[in-house]
Protein chains: 2
Amino acid sequence: MSRPTIAAVARVAGVSVASVSRVLNGLPATEEMAARVQQAVDQLGYVPDSRARSLKVGRTFQLTLAVADVGNPVYVTMMRAVEEVVSAAGYRLVVTTTGPDVVDEVALVRGMARGYADGLVISPLRVDDDLVKSIQECDVPVVVAGNVPARAGVDTVRANSPKGMRLAVDHLLDRGRRRIAFVNGPVDTVPGTARSRGFTEAMKTNGLEPVAVVEATDFTFPAGRAAGAELLDGGFPDAVIAANDLLAVGLMHELAARELRVPDDVAVIGMDDSELAEQSFPPLTSVNLGSAERGRRAAELLLARIEDDSRTPRRIVVQPSLSVRRST
Amino acid sequence: MSRPTIAAVARVAGVSVASVSRVLNGLPATEEMAARVQQAVDQLGYVPDSRARSLKVGRTFQLTLAVADVGNPVYVTMMRAVEEVVSAAGYRLVVTTTGPDVVDEVALVRGMARGYADGLVISPLRVDDDLVKSIQECDVPVVVAGNVPARAGVDTVRANSPKGMRLAVDHLLDRGRRRIAFVNGPVDTVPGTARSRGFTEAMKTNGLEPVAVVEATDFTFPAGRAAGAELLDGGFPDAVIAANDLLAVGLMHELAARELRVPDDVAVIGMDDSELAEQSFPPLTSVNLGSAERGRRAAELLLARIEDDSRTPRRIVVQPSLSVRRST
DNA sequence: TTGAAAGCGCTAACAC
DNA sequence: GTGTTAGCGCTTTCAA
């Protein structure tokens, strides 16, 4: 037996389909009408079909969050924050993994035109003109959790990496470290670029030269370990800043393999302040780039734009803080 | 300007909407027809509306994966596996977090009747009669990645926890440990029950008495640390098995706080063999309960049932293995 | 091979 | 306050 439709409910209740719809949507109706409808609904076990509703009202009540890698704990934090905001507003959240390639990001944004979601929060790893264009042309609202040019005219929420880097470098100086190295992720990514610039500036401000800078192949744990090996083969830092927590933890494994102690021999700072930072050993000092707040703000921006598509795009910058733990 | 519809394409191409639909769906048509339609599609930038399509064909081409906690790395592994299988079959994956309560799981399953997805893979933390009933009554196919009674008559893919426990205990005995303790998660959960039973059996088989057994409040890192404190206040194990990797890592932090060395003073084994196991320090020996394979098999079962709802329910058991690392 | 037309299940005018 | 009805955009008979 197939699912009952609104027509079946109407028949059983002896009323019109419109009345059933009204009662179900809380529109004005007499007590008696409401009762009859409710009884029929219960009797048949009727549940409205969201597909049909979507088609009619032009909304799916579904929002998409696109991240590069579900295995990166920073996205877990962001995902939780986004989920909280959108579900409070009555939306379901669809989490999609784009992978590292910009073409897949573009395909995803273009695919939004199919209308399976009412909006998109995307945290792009790589950005090019195609991606910006696809966002601008997208039929549904898109909010970027990351960095796109201001002239793109899209809502964005981003971190302040340079300031975060300053926090990290200042902290290391406080701890008496001078021989500072940097493990970045791929510099052709959005976070990679931002952190590279931030690191360079922060070092220059303090009149320091980096002991070494290496670029990991991606933002993952194994890449962090490999980058750590490369770094340590080339120099003897007394502190290393890593572009995210996964890289930092990978690096710490390489340090351990070489019997270098953290923080005694080498201090390590990560970025993102994800759950991994407190779970790692020793617990990782990490720059909190506000991923929870960024997620929350991005979701709010998206909801606001769904309400009113004509509002002027906002560019929110979330300020960082430092979570000091035992790795420094 | 609003999105072009199939009618607009038909108008521009000077053909009927039916022909446009046919060309788009690869049904027989003349070369010329195909060309004209394609040109109109390109010109207008037409993209079919998946909502309308869903309503008509009765499918959303969307599948749901429901897990208790996105922050648990075991689900990352499972999610990746499920995603791979379903996207290869042309479906989008919606990942939903249910939280720890069975009522929310039930609500989720019931909500599937709204038709926003064509199927569900659920990994329930807690199972009761209501949940089983809601799964049986569900309008769309449901596959359980976990343990429900055979009489429920639903497709399931589950781990073999008892055998996993045996692997863990045998390994510890090999390493010369005898004073074995166990940190379980809540025993009113599916994995909690299974692991409790498995541990008890494995110990009995070897004629051993546990030094201590404690039950963490949930399967998280902080709960692991708290449970570790309780455990160590009560006894002096030379090895601890934890019911999952997060608990194991939490426990290791407590050990470190008490200046107990892993594995010298206390060996530690986790379960799940998630990415966290290799990221932790020291790297964690962990029972691989086949989460990737369970995800893959569950997804395959779901696709098969969508194809043919009359097939007899299958109950797949995935065998465990042990990933030995430095924590033992 | 192509076109006309009937819906899929629902909501929102509009008329009563 | 309630019922009738026209679609939302698409696919799929059914005829031509």
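Side chains are part of it too, since the values below use all heavy atoms of this structure and drop only hydrogens, waters and symmetry mates. Just so we're on the same page: letters track the sequence lines, and every chain starts at 1.
Results of the side chain to side chain donor-acceptor pair (under 3.5 Å) test with A:Asp155 over A:Arg297, A:Arg305, A:Arg314 single out A:Arg305 as the only residue that passes. For the salt bridge (charged side-chain N to carboxylate O under 4.0 Å, His left out) with B:Arg126, the qualifying choice from B:Asp104, B:Asp101, B:Asp218, B:Asp188 is B:Asp188, the only one to do so. Each of B:Asp118, B:Val140, B:Leu120 was compared with B:Leu63 under the side-chain contact (heavy atoms from CB on, under 4.5 Å) criterion, and only B:Asp118 meets it.
B:Lys56 contributes a side-chain N or O that forms a donor-acceptor pair with the base of C:dG7 under 3.5 Å.
Between C:dT11 and A:Ser21, a contact under 4.0 Å exists linking OP1 or OP2 to a side-chain N or O. Here A:Thr30 reaches the OP1 or OP2 of D:dT2: one of its side-chain N or O atoms lies under 4.0 Å away. At least one side-chain nitrogen or oxygen of A:Ser19 sits closer than 4.0 Å to the OP1 or OP2 atom of D:dG3.
Place B:Glu32 and B:Ala52 on DNA chain C by their nearest nucleotides, and B:Glu32 ends up nearer the 5' end. Closest-nucleotide positions on DNA chain C for A:Arg53 and B:Arg22 were compared, and the one nearer the 5' end corresponds to B:Arg22.
The distance between atom CG of A:Asn25 and atom C1' of C:dA12, rounded to the nearest whole Å, is 10 Å. Separating the CZ atom of A:Arg36 from the P atom of D:dT2 is a distance of 10 Å, rounded to the nearest angstrom. Summarising the geometry, the separation between CZ on B:Phe61 and P on D:dT11 is reported as 10 Å, rounded to the nearest angstrom. Atom CG in A:Leu55 sits about 13 Å away from atom C1' in D:dA6, given to the nearest Å. Protein atom CE of B:Met33 is 11 Å distant from nucleotide atom P of C:dT1, rounded to whole Å. Taking atom CZ on B:Arg3 and atom P on D:dC10, their separation rounds to 7 Å, with Å as the unit. Atom CG of B:Leu27 is separated from atom P of C:dT1 by 11 Å (rounded to the nearest Å). In this structure, B:Arg11 atom CZ and D:dG9 atom P are separated by 12 Å, rounded to whole Å.
Separating the OG1 atom in B:Thr97 from the CG atom in B:Leu65 is a distance of 9.0 Å, to the nearest 0.5 Å.
Proximity note for A:Val17 (side chain, C-beta onward) versus C:dG7, D:dA6, D:dT5: the nearest is D:dT5. Out of C:dT2, D:dT4, C:dT11, the shortest distance to the side chain of A:Ile6 is found at C:dT11.
Not one N or O on the side chain of B:Glu105 forms a donor-acceptor pair closer than 3.5 Å with the backbone of B:Pro100.
Among the atoms of the strands shown, base atoms are found under 4.0 Å from some heavy atom of B:Ala18.
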